[in-house]
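In what follows, a structure is listed as C-alpha cells, so that the remarks can point back to it.
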Amino acid sequence: MTSTLPARTPGAGGVAPVALVSEAALRHNAPRAVGGDDDVLAADGWGHGAGWVASVLSDLGMDAEGLDAATLFGLPGSDVRPVLSLRGRALGTKPLLRGEGVSYGYTHRAARDSTVALVTGGYAQGVVRSLGNAATVAIDGRRHPIVGRVAMDVCVVDVGDAPVPRGAEVVFFGDPKRDEPSLAEWTDATGWTAAEIVAAVGARADRRVSA
C-alpha cells in the first residue's frame, strides 16, 4: 500500500504529522448530514479546512447550511466514515530495559524489557498531553501504547517485539472499521470533545487531502 504521507516536511526530526482529510468520506457523509443546524464551516470547517469543505459541498450541489456537523465529518456516534485522521512516522527505535523510564518525569517505567519508538506528533500538533499512558496508536495494523509524557513535537510508543522500521506510518486516530484507533478513544482519554480535538489537530498538524 502506498503511503499517504509526505517524505519530508518541516517538523520534529524533519517530518511533521499529517492531518489527513478524506474527500471520499466527506462525499459519502454529506447526503446523510442533511437536517442539522450546525455551522459546518466554523473554526476552519471544524479543522477540516473550510474552503475545501465548501468546495466539495458545492461540487455536490449542496449548501453548507442545514447540515449536521457530526455526521458530515464522521465524528463519534454518527456511524459514518470519519473524514479526518492523524498520522505520524517513526523516527527510530531503541531498547528499553525493565525499570527504565521514558520522557519527562519518567511517568512510565518499563515493566519488562521492551522496545520503544520515537514518533512524530506532540502537543504542538494536537496530540494532547493527557494521551500519554492512556491511548494507543496503530503501526502496521497492530496497537501499541503511547508511554510517558507527550512532548511538544514527539511522543514515545512501546512497540514490544514488533519490527518498526524508521519512517513507518503511525496512525494516532482514524477509521475504527479498519482497526485504527478511534477519535472516541481520544475523547475518553482526554475529556475533550470530538469537535475540540479535530479543530485543534486540523489547525496544528500538516493538513493534506486524500482522494
Side-chain angles (χ1 to χ4, degrees), residues 16-54 56-57 62 64-88 107 119-138 143 145-147 149-153 155 157 170-210:
V18 170
L20 193 68
V21 290
S22 167
E23 183 168 339
L26 189 69
R27 288 178 175 272
H28 173 269
N29 297 348
R32 296 162 174 80
V34 174
D37 57 1
D38 293 317
D39 182 357
V40 299
L41 302 183
D44 196 20
W46 295 42
H48 295 72
W52 171 73
V53 172
V56 174
L57 292 176
M62 297 180 63
E65 296 182 3
L67 298 178
D68 176 70
T71 302
L72 180 66
F73 299 128
L75 302 185
S78 60
D79 198 32
V80 287
R81 297 166 60 182
V83 174
L84 186 145
S85 64
L86 181 63
R87 298 162 186 268
T107 61
V119 173
T120 59
Y123 60 80
Q125 296 87 27
V127 182
V128 185
R129 295 196 74 180
S130 53
L131 292 167
N133 304 315
T136 63
V137 301
R143 292 289 196 102
I146 299 173
V147 293
R149 288 179 175 162
V150 174
M152 182 178 290
D153 294 304
C155 61
V157 173
V170 178
V171 182
F172 285 102
F173 65 80
D175 189 346
K177 292 181 180 178
R178 295 197 299 234
D179 295 324
E180 297 171 344
S182 71
L183 190 57
E185 294 172 40
W186 276 36
T187 64
D188 291 342
T190 65
W192 289 32
T193 68
E196 289 170 332
I197 293 170
V198 294
V201 166
R204 297 177 180 179
D206 180 12
R207 191 167 59 210
R208 301 290 179 96
V209 176
S210 69

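Just the heavy atoms: all of them, side chains too, but no hydrogens, waters or symmetry mates, feed the values below. As the structure is a computational prediction, the values presented were derived from the model and not from experiment.
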Task: Qualifying residues under side chain to side chain donor-acceptor pair (under 3.5 Å), relative to Asn133, sequence neighbours excluded - done: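 Listed in chain order: Thr107.
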
Open item on the list: Test of understanding: with side chain to side chain donor-acceptor pair (under 3.5 Å), list the residues that count as partners of Ser130, not counting sequence neighbours.
Closed with: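 Scan of Ser130 (side chain to side chain donor-acceptor pair (under 3.5 Å), adjacent residues dropped) gives none.
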
Sequence neighbours excluded, which residues qualify as side-chain contact (heavy atoms from CB on, under 4.5 Å) partners of [X]?
{"X": "Asp175", "result": "Pro82, Lys177, Arg178, Glu180"}
{"X": "Ala43", "result": "none"}
{"X": "Ala200", "result": "Trp192"}
{"X": "Glu185", "result": "Thr136, Arg143, Pro181, Ser182"}

Could you list all the salt bridge (charged side-chain N to carboxylate O under 4.0 Å, His left out) pairs where at least one residue sits in [range], not counting sequence neighbours?
{"range": "residues 22-31", "answer": "Glu23-Arg27, Arg27-Asp59"}
{"range": "residues 68-79", "answer": "none"}
{"range": "residues 30-49", "answer": "Asp44-Arg207"}

Task: Inter-residue atom distance Leu84.CG - Leu26.CG, 0.5 Å rounding - done: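 Answer rounded to 0.5 Å: 11.0 Å.
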
Open item on the list: I need the Arg81 CZ to Thr71 OG1 distance, nearest 0.5 Å.
Closed with: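 Separation between the atoms: 14.5 Å.
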
With the side chain counted from C-beta on, respond yes when [X] and [Y] share a heavy-atom pair under 4.5 Å apart, and no when they do not.
{"X": "Trp186", "Y": "Leu131", "answer": "yes"}
{"X": "Leu75", "Y": "Trp46", "answer": "yes"}
{"X": "Val128", "Y": "Val150", "answer": "no"}

TODO: State whether the side chain of Arg204 and the backbone N or O of Tyr123 hold a donor-acceptor pair below 3.5 Å, judged by distance alone.
DONE: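 Such a contact is found between Arg204 side chain and Tyr123 backbone.
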
Open item on the list: Just to verify, which of Val40, Val80, Asn29 counts as forming a side-chain contact (heavy atoms from CB on, under 4.5 Å) with Phe73?
Closed with: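 Considering Val40, Val80, Asn29, a side-chain contact (heavy atoms from CB on, under 4.5 Å) with Phe73 is found only for Val40.
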
Task: For Leu67, the option from Leu41, Val34, Val53 that meets side-chain contact (heavy atoms from CB on, under 4.5 Å) - done: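 The single option meeting the side-chain contact (heavy atoms from CB on, under 4.5 Å) with Leu67 is Val34.
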
Which atom of [X] lies closest to which atom of [Y], heavy atoms considered:
{"X": "Leu72", "Y": "Leu57", "result": "CD1-CD2, 4.2 Å"}
{"X": "Ser210", "Y": "Ser22", "result": "OG-CA, 3.5 Å"}
{"X": "Phe172", "Y": "Cys155", "result": "CE2-SG, 3.8 Å"}

